[in-house]
There are 2 protein chains.
Amino acid sequence: MAVSERGPRERMVFSAAQLIRRDGVGPTGMRDVAAHAQAPRGSLQHYFPGGKEQLVNEAVAWAGRYAGNRIARFLAALPEPTPSGLFAEMVRQWTDEYETSGFAGGCPVAAATVDCAESTASTREAASAAFSTWTGSVAEALTGMGVAEERAAALATLMISSLEGAIVIARAERDVRALRTVSGELGPLLDAAVPKTVAD
Amino acid sequence: MAVSERGPRERMVFSAAQLIRRDGVGPTGMRDVAAHAQAPRGSLQHYFPGGKEQLVNEAVAWAGRYAGNRIARFLAALPEPTPSGLFAEMVRQWTDEYETSGFAGGCPVAAATVDCAESTASTREAASAAFSTWTGSVAEALTGMGVAEERAAALATLMISSLEGAIVIARAERDVRALRTVSGELGPLLDAAVPKTVAD
DNA sequence: GGGCTACTATGACCGTTGTCATAGACGGGA
DNA sequence: TCCCGTCTATGACAACGGTCATAGTAGCCC
């Protein structure tokens, strides 16, 4: 929401991510982005000489970094870090948004993938990179809880896959049911991956 | 691929689903649909007086029915029906396609949700209905294997969520890794839901 | 054949899109 | 004051979108 501060360039990237996650890449126009960012339309060609493609790619990259950074913050907020607790927190970010602000937006990276994976190679690569940094953050968090490295990567992929899918279903149904379900069902499986220690 | 037979109307719905799943709803044009279906452009307004919205909605509904019907077929093809076996088959449908035909397409229902959930209410409802019939088919299959009814619904949601998310990641990465991962990781969890019987 | 309905064929309209071209404003050094 | 790089402001353009209007064809019943 902090739109006013930061430079116009960063605001436009941020706004692009917001509009993309709401309407998809295709229907989101450059003029809309400038208006939403309260930035001059003329700045578009100045900051993004690569056109829409560049703007979309930067928005996707921004979203990937954002998601990755959230993981560390979730981890810090957990009193006792467990895989299920982390996943619950990741899911909660979405249920909270949906319950307080409505089901307007999904994941911008998923939106970019769905809209551009076949048509725009560079955007597909940006989305891949975003998923990669996100998965990396989650896997790192899991290994920090004692999960074996290979397993952590697999579980991170599982967590993000389930979350992404549940987001789509939740938006379609306008109901957080799917999000709650995946969180609840996956919890025990995730915690089972951390080796048992005596008590504590 | 069976484009030639069936009436023009059905072909157009089918083609719409194919194009949507490849490029998303926004970038898919009505003229493209008619061309892809080898159907006369003039027929569009005849069969779909509701315009693009109606066409998209029917394509989404068609995809939902298709996905639901596939479940029954997967089930029949399994020598010994298990939840993990069903899920593996659902996933294999995608890995097979991606490995033989490339990563061109995703799930049309997901694409419609991402592109239209906020902008077009009727399409969002169509997507919701599609997910519902799909989930229903999976849940029914699970109960047939002895899974308790409420649990079956939850697991069906989990399976479809993971699958949808993995599809998106696989397309972004152009790698079936994510699909294989969710299939492998979720298998044991799914099978654990069917009550143990002595032998057999 | 006459009349009817189902379907097809095109061309035009109008809004929107991404992009470009051109020109203006601002701000600091020299 | 002049210069120059950074940024802003607008108007125009060409392409494409969905939709409509109008006219045409095919087949069938009476």
Side-chain angles (χ1 to χ4, degrees), chain A residues 3-20 22-60 108 111-112 114-116 118-123 126, chain B residues 3-20 22-60 108 111-112 114-116 118-123 126:
Chain A
V3 168
S4 43
E5 277 332 302
R6 292 182 241 273
R9 207 199 121 99
E10 192 173 352
R11 287 210 313 272
M12 284 190 276
V13 172
F14 181 82
S15 289
Q18 281 209 290
L19 295 182
I20 287 171
R22 194 173 63 189
D23 301 320
V25 173
T28 296
M30 303 282 277
R31 291 167 170 85
D32 302 343
V33 172
H36 183 275
Q38 294 182 328
R41 186 165 76 86
S43 300
L44 278 172
Q45 77 179 276
H46 181 72
Y47 290 116
F48 307 95
K52 186 177 187 177
E53 189 173 332
Q54 180 186 358
L55 177 57
V56 170
N57 294 354
E58 293 203 23
V60 168
V114 166
D115 276 354
C116 307
E118 189 60 15
S119 61
T120 316
S122 69
T123 303
Chain B
V3 167
S4 45
E5 277 332 303
R6 291 182 242 272
R9 205 198 124 97
E10 193 172 351
R11 287 209 314 272
M12 283 191 278
V13 173
F14 179 83
S15 289
Q18 281 209 290
L19 295 181
I20 287 170
R22 194 173 62 188
D23 302 319
V25 173
T28 295
M30 302 283 277
R31 293 167 170 86
D32 302 344
V33 172
H36 183 275
Q38 293 182 329
R41 188 166 74 88
S43 299
L44 278 172
Q45 77 179 278
H46 180 72
Y47 289 116
F48 308 95
K52 187 177 187 178
E53 186 173 334
Q54 180 187 357
L55 178 56
V56 170
N57 294 355
E58 293 202 22
V60 168
V114 166
D115 276 354
C116 308
E118 189 59 15
S119 61
T120 316
S122 69
T123 302

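All figures in this text were calculated on a predicted structure; none of them were measured in a lab. Sequence lines set the chain letters: A, B, ... in the order given, protein chains first and strands last, and positions in each chain run from 1.
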Quiz item: Between C/dT17, C/dT19, D/dG18, which nucleotide gets closest to the side-chain atoms of A/Met30?
Solution: C/dT19
Exercise. Quickly work out the A/Tyr47 OH to C/dG18 C1' distance and round it to whole Å.
Key: 20 Å
Quiz item: For A/Pro8 and B/Gly29, take the nucleotide of DNA chain D holding the closest heavy atom to each; which residue's nucleotide lies nearer the 5' end?
Solution: A/Pro8
Quiz item: For the pair made of CD in A/Glu53 and C1' in C/dT17, what is the distance, rounded to whole Å?
Solution: 16 Å
Quiz item: How far does OH of A/Tyr47 sit from CD of A/Glu10, to the nearest 0.5 angstrom?
Solution: 11.5 Å
Quiz prompt | Distance, rounded to the nearest Å, where A/Arg9 contributes CZ and D/dT6 contributes C1' | solution = 14 Å
Quiz item: For the pair made of CZ in A/Arg31 and C1' in C/dT19, what is the distance, rounded to whole Å?
Solution: 9 Å
Exercise. Return the value, rounded to whole Å, for the distance between atom CG of A/Leu55 and atom P of C/dT17.
Key: 14 Å
Quiz prompt | Between P of C/dT10 and CG of B/Leu44, the distance in whole Å | solution = 14 Å
Quiz item: Would you say A/Ser43 reaches D/dT8's phosphate, i.e. side-chain N/O to OP1/OP2 under 4.0 Å?
Solution: yes
Quiz item: Please give, in whole Å, the distance from C/dA23 P to A/Gln45 CD?
Solution: 14 Å
Self-check item: Rounded distance (nearest 0.5 Å) linking atom CG of A/Leu44 with atom CG of A/Leu55
Solution: 7.0 Å
Exercise. Just compare D/dA21, C/dA6, C/dA12 and give me whichever is closest to any side-chain atom of B/Arg41.
Key: C/dA12
Quiz item: Quick one: NE2 on A/His36 to CE on A/Met12, what's the gap to the nearest 0.5 Å?
Solution: 13.5 Å
Quiz item: Separation of B/Gln54 atom CD from D/dT19 atom P, in whole Å?
Solution: 10 Å
Quiz item: Of all the nucleotides listed (D/dA9, C/dA9, C/dT19), which has the minimum atom distance to the side chain of A/Pro40?
Solution: D/dA9
Quiz prompt | Nearest-neighbour nucleotide for the B/His46 side chain, D/dC7, D/dT10, C/dA6 considered | solution = C/dA6
Exercise. Compare every heavy atom of B/Ile20 with every heavy atom of B/Pro108, then report the nearest pair and how far apart it is.
Key: O-CG2, 4.0 Å
Self-check item: Distance-only side-chain donor-acceptor flag, B/Ser122 / B/Asn57, under 3.5 Å
Solution: yes
Quiz prompt | Candidate nucleotides D/dT8, C/dT19, D/dC20, ranked by approach to the side chain of A/Lys52 - the nearest | solution = C/dT19
